Amino acid sequence: MNKVYICDSDDINLEASLDGGQAFRWWGDKEKYRGVIRDNVYIISKENSSIYIENLTSEINNKSLSELKVYLGLNFNLKKFTNHYKEQNYIYKLILSNQGLRILHQDPWEATISFITSSVSNVLKIKNNINKLSSIAGNKIGEGMNDYTFPTAKKIFELGESELRKIGFGFRSPYIIDAAYKNMKNQIDFQKLREIEYEKCLNKLLEVKGIGKKVADCIMAYGLGRRDVFPVDRWVRRGLVNRLKYKNIYTNEKLSDLARIKFKNDSAYIQQYIFYGEKTS
DNA sequence: ACTCAGGGTCGAC
DNA sequence: GTCGACCCTGAG
(Lines give C-alpha, C1' and ligand atoms only; values in the text may rest on other atoms or scores of the structure.)
Protein backbone atom coordinates (compact mmCIF):
# COMPACT_ATOMS: atom_id res chain seq x y z
CA MET A 1 0.00 0.00 0.00
CA ASN A 2 1.93 3.08 1.08
CA LYS A 3 5.69 3.23 1.07
CA VAL A 4 7.50 5.52 3.47
CA TYR A 5 11.01 6.64 4.26
CA ILE A 6 12.22 5.14 7.52
CA CYS A 7 15.91 6.03 7.84
CA ASP A 8 19.15 6.69 6.06
CA SER A 9 20.85 3.70 4.45
CA ASP A 10 23.84 4.17 6.78
CA ASP A 11 21.56 3.61 9.78
CA ILE A 12 20.87 -0.05 9.11
CA ASN A 13 22.50 -2.87 7.19
CA LEU A 14 19.50 -4.80 5.87
CA GLU A 15 21.23 -8.03 4.99
CA ALA A 16 23.18 -8.27 8.26
CA SER A 17 20.21 -7.31 10.40
CA LEU A 18 17.27 -9.04 8.69
CA ASP A 19 18.97 -12.12 7.28
CA GLY A 20 22.03 -12.60 9.44
CA GLY A 21 20.81 -15.27 11.80
CA GLN A 22 18.65 -13.43 14.32
CA ALA A 23 15.37 -13.39 12.36
CA PHE A 24 14.13 -16.10 10.03
CA ARG A 25 11.22 -14.61 8.15
CA TRP A 26 12.89 -12.23 5.74
CA TRP A 27 13.48 -13.26 2.16
CA GLY A 28 15.33 -11.18 -0.35
CA ASP A 29 18.72 -10.16 -1.56
CA LYS A 30 20.90 -7.48 0.04
CA GLU A 31 18.85 -4.41 -0.86
CA LYS A 32 15.28 -5.67 -0.78
CA TYR A 33 13.57 -7.97 1.72
CA ARG A 34 10.02 -9.17 2.11
CA GLY A 35 8.75 -10.50 5.40
CA VAL A 36 6.17 -10.60 8.14
CA ILE A 37 6.10 -8.67 11.40
CA ARG A 38 3.20 -9.92 13.51
CA ASP A 39 0.18 -9.63 11.15
CA ASN A 40 1.53 -7.41 8.41
CA VAL A 41 3.59 -8.10 5.31
CA TYR A 42 6.38 -5.64 4.57
CA ILE A 43 8.91 -4.89 1.91
CA ILE A 44 12.00 -3.13 3.20
CA SER A 45 14.33 -1.75 0.59
CA LYS A 46 17.40 0.35 0.11
CA GLU A 47 17.12 2.93 -2.66
CA ASN A 48 19.93 5.38 -3.24
CA SER A 49 20.90 6.41 0.28
CA SER A 50 17.57 5.78 1.97
CA ILE A 51 15.72 2.88 3.52
CA TYR A 52 12.03 2.62 2.65
CA ILE A 53 9.38 0.38 4.10
CA GLU A 54 6.20 -0.66 2.38
CA ASN A 55 3.27 -2.30 4.13
CA LEU A 56 1.41 -4.65 1.79
CA THR A 57 -1.46 -5.30 4.16
CA SER A 58 -2.44 -1.94 5.64
CA GLU A 59 -1.51 1.73 5.70
CA ILE A 60 1.49 2.90 7.68
CA ASN A 61 0.66 5.71 10.09
CA ASN A 62 2.75 7.54 12.68
CA LYS A 63 2.10 4.91 15.33
CA SER A 64 2.98 1.93 13.17
CA LEU A 65 6.02 3.74 11.80
CA SER A 66 7.24 4.25 15.33
CA GLU A 67 6.69 0.53 16.05
CA LEU A 68 8.61 -0.38 12.93
CA LYS A 69 11.55 1.68 14.12
CA VAL A 70 11.45 -0.20 17.40
CA TYR A 71 11.38 -3.53 15.52
CA LEU A 72 14.40 -2.53 13.46
CA GLY A 73 16.31 -1.45 16.55
CA LEU A 74 16.73 2.09 15.27
CA ASN A 75 16.38 3.51 18.77
CA PHE A 76 19.74 2.06 19.75
CA ASN A 77 22.49 4.67 19.56
CA LEU A 78 24.89 2.90 17.23
CA LYS A 79 27.18 5.93 16.84
CA LYS A 80 27.74 6.20 20.56
CA PHE A 81 28.25 2.45 20.80
CA THR A 82 30.77 2.51 17.95
CA ASN A 83 32.68 5.40 19.44
CA HIS A 84 32.84 3.71 22.80
CA TYR A 85 34.85 0.82 21.37
CA LYS A 86 37.20 2.78 19.12
CA GLU A 87 40.21 1.81 21.27
CA GLN A 88 39.47 -1.89 21.03
CA ASN A 89 40.94 -3.10 17.79
CA TYR A 90 39.08 -6.37 17.16
CA ILE A 91 35.67 -5.12 18.23
CA TYR A 92 36.04 -1.74 16.54
CA LYS A 93 36.98 -3.36 13.23
CA LEU A 94 33.99 -5.67 13.49
CA ILE A 95 31.65 -2.74 14.06
CA LEU A 96 33.11 -0.76 11.15
CA SER A 97 33.18 -3.65 8.70
CA ASN A 98 29.56 -4.54 9.46
CA GLN A 99 28.27 -1.02 9.80
CA GLY A 100 24.56 -0.79 10.44
CA LEU A 101 24.09 -4.27 11.91
CA ARG A 102 21.28 -3.89 14.43
CA ILE A 103 19.50 -6.16 16.84
CA LEU A 104 15.84 -6.54 15.95
CA HIS A 105 13.03 -6.51 18.48
CA GLN A 106 11.05 -9.56 17.47
CA ASP A 107 7.94 -11.11 18.86
CA PRO A 108 9.05 -13.15 21.91
CA TRP A 109 6.89 -16.16 21.11
CA GLU A 110 8.19 -16.39 17.57
CA ALA A 111 11.75 -15.93 18.86
CA THR A 112 11.22 -18.72 21.37
CA ILE A 113 10.23 -21.25 18.73
CA SER A 114 12.82 -19.96 16.28
CA PHE A 115 15.71 -20.46 18.66
CA ILE A 116 14.54 -23.83 19.94
CA THR A 117 14.56 -24.69 16.24
CA SER A 118 18.07 -23.29 15.79
CA SER A 119 19.77 -26.05 17.79
CA VAL A 120 22.39 -27.80 15.61
CA SER A 121 20.76 -26.31 12.55
CA ASN A 122 21.67 -23.58 10.11
CA VAL A 123 20.06 -20.33 9.04
CA LEU A 124 18.55 -21.67 5.82
CA LYS A 125 17.07 -24.72 7.49
CA ILE A 126 15.68 -22.69 10.37
CA LYS A 127 14.08 -20.33 7.88
CA ASN A 128 12.56 -23.21 5.96
CA ASN A 129 11.21 -24.81 9.15
CA ILE A 130 9.75 -21.60 10.57
CA ASN A 131 8.16 -20.48 7.33
CA LYS A 132 6.70 -23.88 6.57
CA LEU A 133 5.24 -24.00 10.08
CA SER A 134 3.73 -20.57 9.49
CA SER A 135 2.22 -21.58 6.17
CA ILE A 136 0.60 -24.64 7.76
CA ALA A 137 -0.60 -23.24 11.09
CA GLY A 138 -0.53 -19.46 10.64
CA ASN A 139 -3.01 -17.15 8.98
CA LYS A 140 -2.59 -16.22 5.34
CA ILE A 141 -2.21 -12.45 5.08
CA GLY A 142 -0.78 -11.94 1.61
CA GLU A 143 -0.21 -13.44 -1.81
CA GLY A 144 3.42 -14.42 -1.27
CA MET A 145 4.33 -17.99 -0.35
CA ASN A 146 5.62 -16.85 3.04
CA ASP A 147 2.95 -14.27 3.81
CA TYR A 148 1.56 -15.94 6.93
CA THR A 149 1.37 -14.89 10.57
CA PHE A 150 3.41 -16.89 13.01
CA PRO A 151 1.09 -19.49 14.61
CA THR A 152 -0.23 -19.16 18.13
CA ALA A 153 0.85 -21.60 20.84
CA LYS A 154 -2.56 -23.27 20.68
CA LYS A 155 -2.30 -23.84 16.93
CA ILE A 156 1.15 -25.34 17.27
CA PHE A 157 0.11 -27.53 20.17
CA GLU A 158 -2.87 -28.82 18.22
CA LEU A 159 -0.62 -29.63 15.30
CA GLY A 160 1.19 -32.17 17.46
CA GLU A 161 4.66 -33.65 17.48
CA SER A 162 4.21 -35.95 14.49
CA GLU A 163 3.15 -33.09 12.20
CA LEU A 164 6.12 -31.03 13.38
CA ARG A 165 8.37 -33.93 12.45
CA LYS A 166 6.81 -34.03 9.00
CA ILE A 167 7.66 -30.33 8.60
CA GLY A 168 11.26 -31.21 9.42
CA PHE A 169 11.79 -30.04 12.98
CA GLY A 170 13.27 -33.42 13.85
CA PHE A 171 14.27 -34.03 17.48
CA ARG A 172 13.21 -30.47 18.34
CA SER A 173 9.54 -31.35 17.77
CA PRO A 174 8.72 -32.46 21.35
CA TYR A 175 10.54 -29.37 22.66
CA ILE A 176 8.35 -27.12 20.56
CA ILE A 177 5.25 -28.91 21.80
CA ASP A 178 6.40 -28.37 25.39
CA ALA A 179 6.94 -24.66 24.74
CA ALA A 180 3.54 -24.41 23.06
CA TYR A 181 1.84 -26.18 25.96
CA LYS A 182 3.46 -23.96 28.58
CA ASN A 183 2.70 -20.78 26.66
CA MET A 184 -0.87 -21.89 25.97
CA LYS A 185 -1.34 -22.43 29.72
CA ASN A 186 0.05 -18.94 30.36
CA GLN A 187 3.07 -20.30 32.18
CA ILE A 188 5.36 -17.90 30.36
CA ASP A 189 4.74 -14.18 30.92
CA PHE A 190 6.96 -12.54 28.33
CA GLN A 191 6.10 -9.05 29.49
CA LYS A 192 7.23 -9.84 33.01
CA LEU A 193 10.40 -11.52 31.73
CA ARG A 194 11.52 -8.23 30.19
CA GLU A 195 11.76 -6.58 33.56
CA ILE A 196 13.05 -9.14 36.07
CA GLU A 197 16.74 -9.76 36.73
CA TYR A 198 18.76 -11.91 34.36
CA GLU A 199 19.09 -15.02 36.51
CA LYS A 200 15.37 -15.21 37.20
CA CYS A 201 14.53 -14.70 33.55
CA LEU A 202 17.02 -17.38 32.56
CA ASN A 203 15.70 -19.90 35.07
CA LYS A 204 12.15 -19.34 33.91
CA LEU A 205 13.05 -19.96 30.29
CA LEU A 206 15.12 -23.03 31.22
CA GLU A 207 11.92 -24.70 32.45
CA VAL A 208 10.99 -25.30 28.82
CA LYS A 209 12.40 -28.47 27.23
CA GLY A 210 14.86 -27.65 24.50
CA ILE A 211 15.81 -24.30 25.98
CA GLY A 212 19.33 -24.27 27.42
CA LYS A 213 21.36 -21.21 28.28
CA LYS A 214 22.31 -20.38 24.69
CA VAL A 215 18.74 -20.52 23.40
CA ALA A 216 17.45 -18.64 26.45
CA ASP A 217 20.00 -15.90 25.85
CA CYS A 218 18.87 -15.60 22.23
CA ILE A 219 15.23 -15.35 23.26
CA MET A 220 16.18 -12.61 25.71
CA ALA A 221 18.29 -10.72 23.20
CA TYR A 222 16.03 -10.90 20.15
CA GLY A 223 12.58 -11.44 21.63
CA LEU A 224 12.67 -9.61 24.94
CA GLY A 225 14.84 -6.69 23.91
CA ARG A 226 17.39 -7.41 26.63
CA ARG A 227 20.89 -6.16 25.95
CA ASP A 228 22.44 -7.61 29.12
CA VAL A 229 22.78 -11.09 27.63
CA PHE A 230 25.66 -12.70 25.75
CA PRO A 231 24.62 -15.80 23.77
CA VAL A 232 27.65 -17.99 23.03
CA ASP A 233 27.48 -20.48 20.21
CA ARG A 234 30.29 -22.08 18.21
CA TRP A 235 30.93 -18.87 16.23
CA VAL A 236 30.96 -16.48 19.15
CA ARG A 237 33.19 -18.91 20.97
CA ARG A 238 35.75 -18.59 18.18
CA GLY A 239 35.80 -14.82 18.53
CA LEU A 240 36.06 -14.89 22.30
CA VAL A 241 38.81 -17.52 22.39
CA ASN A 242 40.81 -16.75 19.25
CA ARG A 243 40.54 -12.98 19.21
CA LEU A 244 39.73 -11.78 22.70
CA LYS A 245 41.92 -14.44 24.35
CA TYR A 246 39.33 -16.02 26.60
CA LYS A 247 40.52 -19.44 27.81
CA ASN A 248 39.66 -22.34 25.55
CA ILE A 249 39.05 -24.64 28.53
CA TYR A 250 35.90 -22.74 29.47
CA THR A 251 32.48 -24.03 28.44
CA ASN A 252 30.23 -21.82 26.35
CA GLU A 253 28.13 -21.16 29.44
CA LYS A 254 31.16 -19.97 31.38
CA LEU A 255 32.30 -17.79 28.47
CA SER A 256 28.83 -16.28 28.30
CA ASP A 257 28.89 -15.40 31.99
CA LEU A 258 32.36 -13.86 31.79
CA ALA A 259 31.53 -11.79 28.71
CA ARG A 260 28.21 -10.77 30.19
CA ILE A 261 29.90 -9.41 33.29
CA LYS A 262 32.50 -7.58 31.23
CA PHE A 263 30.26 -5.98 28.61
CA LYS A 264 27.18 -5.45 30.75
CA ASN A 265 24.44 -3.71 28.77
CA ASP A 266 26.49 -3.82 25.56
CA SER A 267 26.63 -7.61 25.72
CA ALA A 268 23.97 -8.41 23.15
CA TYR A 269 25.44 -6.01 20.60
CA ILE A 270 29.04 -7.06 21.12
CA GLN A 271 27.93 -10.66 20.74
CA GLN A 272 26.00 -9.85 17.57
CA TYR A 273 28.99 -8.25 15.89
CA ILE A 274 31.27 -11.13 16.89
CA PHE A 275 28.73 -13.68 15.65
CA TYR A 276 28.17 -12.01 12.32
CA GLY A 277 31.84 -11.17 11.85
CA GLU A 278 33.08 -14.67 12.59
CA LYS A 279 30.40 -16.33 10.51
CA THR A 280 30.97 -14.22 7.41
CA SER A 281 34.77 -14.21 7.47
C1' DA B 1 26.34 -41.66 -3.72
C1' DC B 2 28.44 -40.28 0.46
C1' DT B 3 30.12 -37.51 4.07
C1' DC B 4 29.97 -33.35 6.68
C1' DA B 5 28.29 -29.86 9.65
C1' DG B 6 25.01 -26.45 11.09
C1' DG B 7 23.39 -20.01 16.31
C1' DG B 8 22.59 -27.09 21.44
C1' DT B 9 20.12 -29.75 24.73
C1' DC B 10 18.86 -33.87 27.13
C1' DG B 11 19.49 -37.77 30.04
C1' DA B 12 22.52 -41.14 31.95
C1' DC B 13 26.75 -42.09 34.33
C1' DG C 1 31.33 -32.33 34.49
C1' DT C 2 31.40 -35.35 30.54
C1' DC C 3 29.52 -37.85 26.61
C1' DG C 4 26.67 -40.06 23.15
C1' DA C 5 22.24 -39.49 20.94
C1' DC C 6 19.21 -36.76 18.53
C1' DC C 7 16.46 -35.31 13.02
C1' DC C 8 17.17 -33.19 8.86
C1' DT C 9 19.12 -31.17 4.65
C1' DG C 10 22.06 -28.13 1.64
C1' DA C 11 26.73 -28.13 0.22
C1' DG C 12 30.91 -30.17 -1.32
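Within every chain, numbering begins at 1; the chains are lettered A, B, ... in the order of the sequence lines, protein sequences first and strands thereafter. Because the structure is predicted, anything quoted here is derived from the model rather than measured. Because only heavy atoms are used, hydrogens play no part in the values below, and waters and symmetry mates are left out as well, while side chains stay in.
- With ring centers used as reference points, A:Tyr90 lies 6.0 Å or more from A:Tyr85.
- For the pair A:Lys132 NZ and C:dC8 P, the computed distance is 11 Å after rounding to whole Å.
- Atom name P, nucleotides B:dA12 and C:dC7: the rounded distance is 15 Å, in whole Å.
- Contact annotation for A:Gly212: backbone-only contact, meaning every heavy-atom pair under 4.0 Å involves sugar-phosphate atoms and none involves a base.
- Checking side-chain atoms of A:Tyr269 against main-chain N and O of A:Ile103 turns up a donor-acceptor pair under 3.5 Å.
- Side-chain proximity of A:Lys125 to the nucleotides B:dG7, C:dT9, B:dT9 is greatest for C:dT9.
- B:dA1 and C:dG12 have their C1' atoms separated by 13 Å, given to the nearest Å.
- Taking the nucleotide of DNA chain C with the nearest heavy atom to each of A:Ser119 and A:Leu124, the more 5' of the two is matched to A:Ser119.
- DNA chain C lies under 4.0 Å from at least one heavy atom of each of the following residues of residues 157-188 of chain A: A:Arg165, A:Gly168, A:Gly170, A:Phe171, A:Arg172.
- A:Lys214 places its NZ atom 4 Å from the C1' atom of B:dG7, with the value rounded to the nearest Å.
- The residue A:Ile211 sits close only to the backbone: its heavy atoms come under 4.0 Å of sugar-phosphate atoms, none of a base.
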I would like to know whether A:Glu163 and A:Lys166 meet salt bridge (Lys or Arg N to Asp or Glu O under 4.0 Å); could you show each step before the answer? CA-CA 5 Å; A:Glu163 291 303 310; A:Lys166 284 179 190 166; 3.0 Å; yes
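- Between the side chains of A:Asn48 and A:Ser50, no donor-acceptor pair is found at a separation under 3.5 Å.
- Salt-bridge check for A:Lys204 with A:Glu207: passed, with a basic side-chain N closer than 4.0 Å to an acidic carboxylate O.
- Using atom P as the reference point in both C:dG4 and B:dG7, the two lie 23 Å apart (nearest Å).
- Across the protein-nucleic acid pair, A:Asn129 atom CG and C:dT9 atom P stand 8 Å apart, rounded to whole Å.
- Defined by atom type and a distance below 3.5 Å, a donor-acceptor pair is present between the side-chain atoms of A:Gln272 and A:Tyr222.
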Report the C-alpha separation of A:Glu67 and A:Arg38 in whole Å, then their side-chain angles, then the decisive distance to 0.1 Å, and conclude whether the salt bridge (Lys or Arg N to Asp or Glu O under 4.0 Å) test is met. CA-CA 11 Å; A:Glu67 288 169 357; A:Arg38 296 194 169 79; over 6 Å; no
Secondary-structure string, 5' to 3', Watson-Crick or G-U under 3.5 Å, | for another-strand partners, for DNA chain C: ||||||.|||||
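- The residue A:Val236 sits close to a base: some heavy atom pair falls under 4.0 Å.
- The closest donor-acceptor contact from the side chain of A:Asn131 to the backbone of A:Phe24 lies under 3.5 Å.
- Look at CG on A:Asn128: it is 7 Å from P on C:dG10, rounded to the nearest Å.
- Proximity of residues 22-30 of chain A to DNA chain C (heavy atom under 4.0 angstrom from any strand atom) is not detected for any residue.
- No chain of hydrophobic side-chain contacts below 4.5 Å, direct or via other Ile, Leu, Val, Met, Phe, Trp or Tyr residues, connects A:Leu65 to A:Phe76.
- The main-chain N or O of A:Asn248 is found under 3.5 Å from a side-chain atom of A:Arg237 such that the two form a donor-acceptor pair.
- In summary, the side chains of A:Asn61 and A:Ser64 do present a donor paired with an acceptor at a separation below 3.5 Å, with no hydrogens or angles considered.
- Residue A:Leu133 contributes atom CG, which lies 16 Å from atom P of C:dC8 at whole-angstrom precision.
- Between the CG atom of A:Asp233 and the P atom of B:dA5 there is a distance of 16 Å, given to the nearest Å.
- Contacts of A:Lys86 classified as side chain to side chain donor-acceptor pair (under 3.5 Å), with partners at least two apart in sequence or in another chain: none.
- Here A:Val120 lies in heavy-atom contact (under 4.0 Å) with a base.
- Straight-line distance from the CD atom of A:Glu207 to the P atom of B:dT9: 16 Å, rounded to whole Å.
- Going from atom CD1 of A:Ile167 over to atom OG of A:Ser173 covers 8.0 Å, rounded to the nearest 0.5 Å.
- In this structure, CG on A:Asp217 lies 8.0 Å from CZ on A:Arg260, to the nearest 0.5 angstrom.
- Against DNA chain C, the stretch residues 240-258 of chain A makes no heavy-atom approach under 4.0 Å.
- Here the side chain of A:Arg25 pairs no donor or acceptor atom with the backbone of A:Gly35 at under 3.5 angstrom.
- The main-chain N or O of A:Leu78 is never found under 3.5 Å from a side-chain atom of A:Arg102 such that the two would form a donor-acceptor pair.
- Between the side chain of A:Tyr250 and the main chain of A:Glu253, no donor-acceptor pair closer than 3.5 Å is present.
- Within residues 259-281 of chain A, no residue is approached by DNA chain C to less than 4.0 Å at the level of any non-hydrogen atom.
- Remark: P of C:dC6 and NZ of A:Lys209 are 17 Å apart, rounded to the nearest angstrom.
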